[in-house]
Amino acid sequence: MKYSERKRLTFFGLPFTFTTYTVDEEFITMNSGFFRRVENDCYLYKIVDVRLETSLAERLFGLGTVHCFSSDVTDPDLRLRHIKHAKEIKDYILKESEAQRMKRRTLNTQSLDGEPFLGQGDSCDIC
């Protein structure tokens with residue numbers, strides 16, 4: 001399955017911007033700009049968490065913003081702003097990111113407190 005959406009203006013949800021988002025089984029691709037085109041890709045298996053935000057204006061016009069938190073270096077908080085079908089796309093990204101991690105047999109480990117040795121701080125015997 002493949003989703004292709006265009007960033008829209010919050011007011012009336014009109015697609016008068018030059019940013020497009022494409023979500024497929026392996027990538028999220030964001031193309032933006034008119035004079036200077038920028039293409040940003042993120043592998044789905046790198047997506048750690050997904051969040052949906054909808055402001056009052058977005059809800060009035062059927063839009064939403066999807067935040068994709070990833071381990072990608074160029075954009076760790078990839079935002080799909082003011083898109084239609086935001087809940088459906090968020091659910092798809094969450095399901096497919098897990099499927100891609102299982103397919104690639106990748107292990108996603110997180111340091112919960114920011115310390116590399118699980119909270120031992122400076123008292124590391126290995127260092």
Side-chain angles (χ1 to χ4, degrees):
M1 181 171 269
K2 183 176 183 178
Y3 289 98
S4 186
E5 283 291 329
R6 183 175 285 280
K7 179 180 173 184
R8 298 168 182 270
L9 299 175
T10 307
F11 188 65
F12 291 125
L14 300 172
F16 290 136
T17 62
F18 297 102
T19 303
T20 58
Y21 306 106
T22 306
V23 180
D24 62 13
E25 290 86 12
E26 292 189 25
F27 295 105
I28 297 177
T29 303
M30 180 176 66
N31 291 308
S32 62
F34 180 70
F35 292 113
R36 183 177 158 255
R37 286 298 274 174
V38 176
E39 182 174 306
N40 189 6
D41 292 320
C42 180
Y43 283 106
L44 274 181
Y45 78 89
K46 291 185 174 189
I47 303 290
V48 177
D49 196 16
V50 181
R51 180 176 68 203
L52 173 65
E53 289 184 0
T54 54
S55 66
L56 178 62
E58 286 177 328
R59 286 193 308 266
L60 288 174
F61 299 112
L63 305 175
T65 299
V66 178
H67 293 262
C68 299
F69 301 100
S70 70
S71 60
D72 190 36
V73 176
T74 58
D75 204 353
D77 181 9
L78 183 65
R79 295 179 184 174
L80 304 139
R81 298 177 192 249
H82 312 308
I83 58 172
K84 287 192 177 262
H85 313 291
K87 174 128 176 72
E88 183 179 333
I89 292 172
K90 179 203 68 101
D91 293 339
Y92 177 77
I93 291 171
L94 197 58
K95 182 183 71 129
E96 280 298 315
S97 66
E98 184 63 27
Q100 286 296 315
R101 275 194 295 280
M102 298 298 268
K103 178 182 173 185
R104 291 176 182 259
R105 296 182 181 145
T106 59
L107 177 64
N108 186 11
T109 58
Q110 298 179 14
S111 177
L112 299 176
D113 62 352
E115 294 289 331
F117 295 105
L118 298 174
Q120 294 175 1
D122 292 333
S123 63
C124 177
D125 296 334
I126 300 172
C127 300

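Residue indices begin at 1 and follow the sequence shown.
A single hydrophobic cluster is not seen to contain both Phe69 and Val50; linkage of ILVMFWY side chains at heavy-atom distances under 4.5 Å, directly or through other members, places them apart. Phe27 is not connected to Val38 by any chain of hydrophobic side-chain contacts under 4.5 Å among Ile, Leu, Val, Met, Phe, Trp and Tyr, and they are in different clusters.
Through direct or relayed side-chain contacts under 4.5 Å between Ile, Leu, Val, Met, Phe, Trp and Tyr, Phe34 connects to Phe18, Phe35. The hydrophobic cluster of Met102 has no other members, since no ILVMFWY side-chain heavy atom comes under 4.5 Å of it.
For the atom pair NZ of Lys7 and CG of Asn31, the computed distance is 13.5 Å after rounding to the nearest 0.5 Å. The distance from the NZ atom of Lys46 to the OG atom of Ser97 is 13.5 Å, given to the nearest 0.5 Å. To the nearest 0.5 Å, atoms CD (Glu96) and CG (Asp91) are separated by 12.0 Å.
Proximity of Leu94 to Ile47: side-chain heavy atoms (C-beta onward) are nowhere separated by under 4.5 Å. When side chains are defined from C-beta on, Asn40 counts as touching Thr74, because their heavy atoms get closer than 4.5 Å. Under the 4.5 Å side-chain criterion, counting only non-hydrogen atoms from C-beta, Tyr92 is in contact with Val23. By the 4.5 Å heavy-atom criterion applied to side chains, Leu63 and Arg8 are counted as neighbours. Counting heavy atoms from C-beta outward, Tyr45 and Glu26 have side chains that stay 4.5 Å or more apart. Contact check for Ile28 versus Thr22: no side-chain heavy atoms found under the 4.5 Å cut-off.
Considering only residues two or more places apart in sequence or on other chains, Arg6 meets the side chain to side chain contact (heavy atoms under 4.5 Å, CB included) condition with Pro15, Thr17, Thr20. Considering only residues two or more places apart in sequence or on other chains, Asp41 meets the salt bridge (charged side-chain N to carboxylate O under 4.0 Å, His left out) condition with none of them. Not a single salt bridge (charged side-chain N to carboxylate O under 4.0 Å, His left out) links Lys95 to another residue, sequence neighbours left out. Residues passing the side chain to side chain contact (heavy atoms under 4.5 Å, CB included) test with Leu52, sequence neighbours excluded: Thr54, Val66, Ala86, Lys87, Lys90. Glu98 pairs by the salt bridge (charged side-chain N to carboxylate O under 4.0 Å, His left out) definition with Arg101, not counting sequence neighbours. Applying the side-chain hydrogen bond (donor to acceptor under 3.5 Å, both in side chains) criterion to Tyr21, with sequence neighbours excluded, gives no partner residue.
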side-chain contact (heavy atoms from CB on, under 4.5 Å) evaluation trace for Cys68 with Ile93: CA-CA 8 Å; Cys68 299; Ile93 291 171; 3.9 Å; yes
Verdict with supporting geometry, Leu9 and His82, side-chain contact (heavy atoms from CB on, under 4.5 Å): CA-CA 7 Å; Leu9 299 175; His82 312 308; over 6 Å; no
Please evaluate residues Phe61 and Lys84 with respect to the criterion side-chain contact (heavy atoms from CB on, under 4.5 Å), reporting the C-alpha separation (whole Å), side-chain torsions for both, the decisive distance (0.1 Å), and the verdict. CA-CA 9 Å; Phe61 299 112; Lys84 287 192 177 262; over 6 Å; no
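The two atoms that bring Leu44 and Asp24 nearest to each other are CD1-O, 3.1 Å, heavy atoms only. Heavy-atom minimum distance, Glu5 versus Ile89: CG-CD1, 3.7 Å.
For the salt bridge (charged side-chain N to carboxylate O under 4.0 Å, His left out) condition, the pairs that include at least one residue of residues 50-64, sequence neighbours left out, are Arg51-Glu53. Judged as a salt bridge (charged side-chain N to carboxylate O under 4.0 Å, His left out), the pairs with a partner in residues 70-81 (not counting sequence neighbours) are, in order, Asp77-Arg79. Listed by first and then second residue, the salt bridge (charged side-chain N to carboxylate O under 4.0 Å, His left out) pairs that reach into residues 28-40 come to none, sequence neighbours excluded.
For Tyr43, the OH atom sits in a loose shell: 12 or fewer heavy atoms of surrounding residues, nucleotides or ligands are nearer than 6.0 Å.
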